[in-house]
Amino acid sequence: MTVKDADATSTGSDEAPTAEPTFDRRGFMVLGAGGLLAAVLQSARPAAAQSAQRRGTLVIALDISDATGLDPVRVYQYSNPLPTHAAYDGMVTFDPGDSVNLKPALATEWAYQPDGKTVRLKLRTDVKFASGKPMTAEDVRFSFTRQLNIKDQPWQYISHIEEVKVVDPHTVDIVLKDPKLPLMTIIATPAFGVLEKEAVIAHGGTDAPDAKEKDKATEWLNENSAGTGPYRLTGWQRNQQIQMVKNPNYWKGTPGYERVLIRHMSESAAQLLAIQRGDVDVAFNLIPEQIATLKGDPNISIAGMTSLDFIYMAVVEAPTNPALQNKLARQAIGYAIDYDGIIKNLIGGNAVRPVSFLPVGVNGSTEELTKEIGFREDLAKSRQLLAQAGMPDGFKFALSYGNAAIAGVGYQNLAQKLQSDLARVGIKAELTPMDQVNMRTMYLGGKLEAALTFWNPPAPENWLWSSATINRVAGRVHWKVPDDVRKLVADAGAERDLAKGAALYKQYQQAMVDAAHHFVLIQPIYQVAVRKNVSGLKLTAAGWMAELGGAKPA
């Protein structure tokens with residue numbers, strides 16, 4: 001199949017590019033420290049006219065405590081895809097509100113070649129990096145090859161790529177080891193954005209086979225960017241802020257803001273106060289009660305969209321806890337949870353719940369199917385399973401979670417609710433709050449008994465969820481995946497008929513329920529507060545939260 005761009009020459013904007021503004025980066029490294037932007041933010045109030053400086057800055061409140069890097073090859077957490085997508089374009093993308101149909105981005109068309117394993121992509125000829133250097137097929141080849149050789153987590157999504165070859169300055173071939181596995185939906189993620197080869201090499205980068213050990217560009221790319229996106233990264237202070245400035249060479253036209261500032265705010269109350277005062281323009285992590293208080297505010301609008309993210313509890317077959325090695329005991333956990341109460345009371349009903357690791361809205365996952373084959377609150381069944389497991393009085397386990405919130409839901413509140421639910425059948429959850437990054441590190445290493453965490457997909461592709469659960473996620477929970485489940489995932493990933501694929505993914509979800517390692521609790525309907533001085537900001541469920549490129553002052 002060949003997909004062509006209907007209007008390859010459109011800039012997406014009626015504004016002409018302008019010269020990049022100059023500013024002193026040191027002036028706003030830390031908010032409240034006397035920097036220019038800090039002073040502007042402190043003085044901004046709804047009742048007063050905003051200064052031109054403040055009006056030219058889009059300020060976003062977001063919990064970025066989970067962010068571990070902004071080098072695309074290492075982007076796989078919850079918050080860092082948003083700035084990464086603003087700094088880097090990929091070959092293809094998804095429009096907001098459409099998680100099925102791919103759209104052209106840096107590639108104007110793509111097609112499988114007669115050999116069945118090669119995808120040829122035609123590139124735009126009018127794209128420049130933020131540096132002003134034209135983008136070519138060699139930059140694309142370098143970016144993918146660096147990703148393949150560094151082998152950080154995003155690499156696993158494309159490990160079935162054999163090589164990327166330059167055909168001519170504006171054509172590349174991606175050669176697959178296994179052509180049955182999906183490709184184009186996967187490379188829509190920000191992790192596969194195109195970097196400027198020359199700039200990355202100048203700062204210690206390499207795409208050589210030993211890049212995993214020899215590449216040194218990540219430190220620079222954590223505070224700078226080398227992409228073609230609407231904004232350019234100029235700084236990142238962990239647990240403080242991320243700074244970006246507009247890319248004057250953006251191929252879709254001049255971005256709407258001179259600057260973008262993402263301020264770290266882990267507390268939803270702080271985000272609420274900041275958006276009410278006009279100190280921030282967008283607040284991502286408000287809880288339902290706070291959203292309700294804003295609905296009558298004439299200066300603020302509420303944007304919403306059902307996400308493809310979800311919050312789940314992972315239960316590990318931990319060597320430290322024999323009870324968790326018993327499948328019946330883990331299944332008892334699944335039937336002791338008040339799922340409806342969690343959604344109603346912690347997120348105000350603004351969520352849905354899938355069967356397991358495939359979110360509602362993708363092929364083969366619906367709310368009806370959750371009712372048919374998913375876990376549900378059934379205390380009698382939970383007690384029966386405990387008796388069958390030889391633990392009629394229950395058992396205990398440590399439930400770890402980070403000091404953070406997702407979609408306005410604090411992990412601590414969720415943990416406390418689970419503790420209360422499980423206690424009804426004698427299961428004692430010992431709550432273990434941790435630093436978010438440390439918790440993730442221990443969870444990734446399979447060193448916890450149970451964890452509350454999230455899944456934020458890079459792109460709407462079922463295979464990304466299902467293959468993850470039988471590979472890297474299985475390792476985290478010490479699950480020895482049966483061969484028939486591995487075959488099922490492979491067959492489902494290769495199936496191109498949607499109806500047949502849905503049937504296979506139903507079987508996969510049944511296998512996940514039986515294994516009882518993953519309990520999806522909340523798939524949020526995101527509600528984001530946006531001040532009415534901002535227009536064109538569109539939310540997306542595709543994995544990067546929002547499109548910043550189209551946002552501009554109202």
**Asked** Between Y312 and F357, is the gap from one ring center to the other below 6.0 Å?
**Response** yes
**Complete:** Between the NZ atom in K246 and the CG atom in L548, the distance rounded to the nearest 0.5 Å is 15.5 Å
**Request:** Check salt bridge (charged side-chain N to carboxylate O under 4.0 Å, His left out) between E138 and all other residues, then give those that pass, not counting sequence neighbours.
**Result:** R141, K197
**Request:** Supply the atom-to-atom distance Q243 CD to R232 CZ, rounded to the nearest 0.5 angstrom.
**Result:** 11.5 Å
**Ring centers of Y526, F284 separated by less than 6.0 Å** = no
**Message:** Which residues pass the ring pair (Phe, Tyr, Trp, His ring centres under 6.0 Å) test with W155, not counting sequence neighbours?
**Reply:** none
**Message:** For a quick test of reading the model, state the closest non-hydrogen atom pair linking N239 to H264 and the distance between them.
**Reply:** O-CD2, 3.1 Å
**Asked** Between H85 and A546, which heavy-atom pair has the shortest distance, and what is it?
**Response** CD2-O, 4.3 Å
**Message:** For T145 versus D207, what's the shortest heavy-atom pair and its separation?
**Reply:** CG2-O, 3.5 Å
**Asked** If you round to the nearest 0.5 Å, how far is OG1 of T84 from CH2 of W544?
**Response** 12.0 Å
**Asked** Do you know which two heavy atoms are closest between T218 and R146, and how far apart they sit?
**Response** OG1-NH2, 4.0 Å
**Message:** Measuring from atom CG of D71 to atom CD of E219, what distance do you get when rounded to the nearest 0.5 angstrom?
**Reply:** 11.5 Å
